[in-house]
Amino acid sequence: MRSKLVAGNWKMHGRREMVAGLLSALTSRLPQGVDVAVCVPSPYLDQAADVLAGSGLLLGAQDVSECDDGAYTGEVSAGMLRELGCHYVIVGHSERRLRHGESSQRVAEKAAAALRSGLVPIVCVGETLAERQADRTEAVVAEQLAPVLALGAAQVERLVIAYEPVWAIGTGVSATVEEAAQVHAAIRAALAGVSPAAADGVRVLYGGSVKPETAAALFAQKDIDGGLVGGAALDAEAFLAICNAAVAV
Ligand code: PEP
């Protein structure tokens, strides 16, 4: 039985005061029965780790280098994130694929680097609106997943996947329950091609304008194991409501 996971992606938002305030608000009312994580901007990971120590709220980063430590100006290694107290790291978010030209191969290398350092990568996949309209959703997701699944069963069984349709991110327009469930089932089938343990154990999150009002119906689907939440993760009430929706199902 997979436990639900709700992860907040703060993107490039926050200052020290906001980090302290939001994290305290979350830890003071963190529900039991669901795994909860916050992926904060890199400059605030250290501060966040201090606030979160012993709270049960897990820390994540938003990106990682595919390289181990070395001459890579501006990059952050998985070993550094681990030392800062991260448990999760997002890789392949569409904002990085689109803005920074990250290929699916590079995303898989980032996932592998994260796993080498004991981090759990949250691998994001998802189609653009044009790709959905061209009826290419499942093909695109399969292409994006292929290099990750090629890492092999031992690696794949340790990661998390997030299905995030690009057209739903930050737009207020979520995929319908049916649209999301269909893609999650396809991802689950792809995982079954890797190993039975991957099919049974890998959590597949939905992301894209998840709100307190829409979370419960999404999380009730058998192949939707929680959410990756952007905008609503910046509001303690909304984020906690989404976490509680995961507990309720
Ligand atoms: C995201 O950025 O991963 C995301 C899902 O954002 P939002 O919830 O704001 O759509």
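Starting from 1, each residue takes its place in the sequence as its number. Here the structure is a predicted model, which is why all the values come from computation and not from measurement.
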How about Arg99 and Ser94: does a side-chain donor come under 3.5 Å of a side-chain acceptor?
no
Charged N to carboxylate O under 4.0 angstrom, Arg96 versus Asp63?
yes
So Leu145 and Ile161, do their side chains get closer than 4.5 Å, heavy atoms only?
yes
Applying side chain to side chain donor-acceptor pair (under 3.5 Å), which residue pairs with at least one partner in residues 148-161 are found, sequence neighbours left out?
Glu157-Ser195
Are any of the side-chain heavy atoms of His93 and Gln62 separated by less than 4.5 Å?
no
If you define the side chain from C-beta out and look only at heavy atoms, does anything of Leu5 sit under 4.5 Å from Asp225?
no
Taking only residues two or more places apart in sequence, or in another chain, which ones meet Glu237 in a salt bridge (charged side-chain N to carboxylate O under 4.0 Å, His left out)?
Arg29
Measure the spacing between CG of Leu159 and CG of Leu151 and express it to the nearest 0.5 Å.
7.5 Å
Hydrogens and angles aside, do Arg203 and Ser3 bring a side-chain donor and acceptor to less than 3.5 Å of each other?
yes
Using a 4.5 Å cut-off on heavy atoms from C-beta on, say whether the side chain of Val40 contacts that of Val19.
no
Sequence-distant partners of Arg15, salt bridge (charged side-chain N to carboxylate O under 4.0 Å, His left out), two or more places apart:
none
Residue among Leu234, Leu22, Val38 satisfying side chain to side chain contact (heavy atoms under 4.5 Å, CB included) with Phe239:
Val38
Counting neighbours of CD on Glu83 that are heavy atoms of other residues, nucleotides or ligands and sit closer than 6.0 Å, is the number greater than 12?
no
Contacts satisfying side chain to side chain donor-acceptor pair (under 3.5 Å) that involve residues 113-134 (not counting sequence neighbours) are Asp68-Arg116, Glu127-Arg132, Glu127-Tyr163, Glu127-Trp167, Thr128-Glu131, Arg132-Tyr163
When rounded to the nearest 0.5 angstrom, what is the spacing between OG in Ser77 and CE in Met80?
4.0 Å
Sequence-distant partners of Glu138, side chain to side chain donor-acceptor pair (under 3.5 Å), two or more places apart:
Gln182
Linking Ile, Leu, Val, Met, Phe, Trp and Tyr through side-chain heavy atoms less than 4.5 Å apart, which residues share a cluster with Tyr72?
none
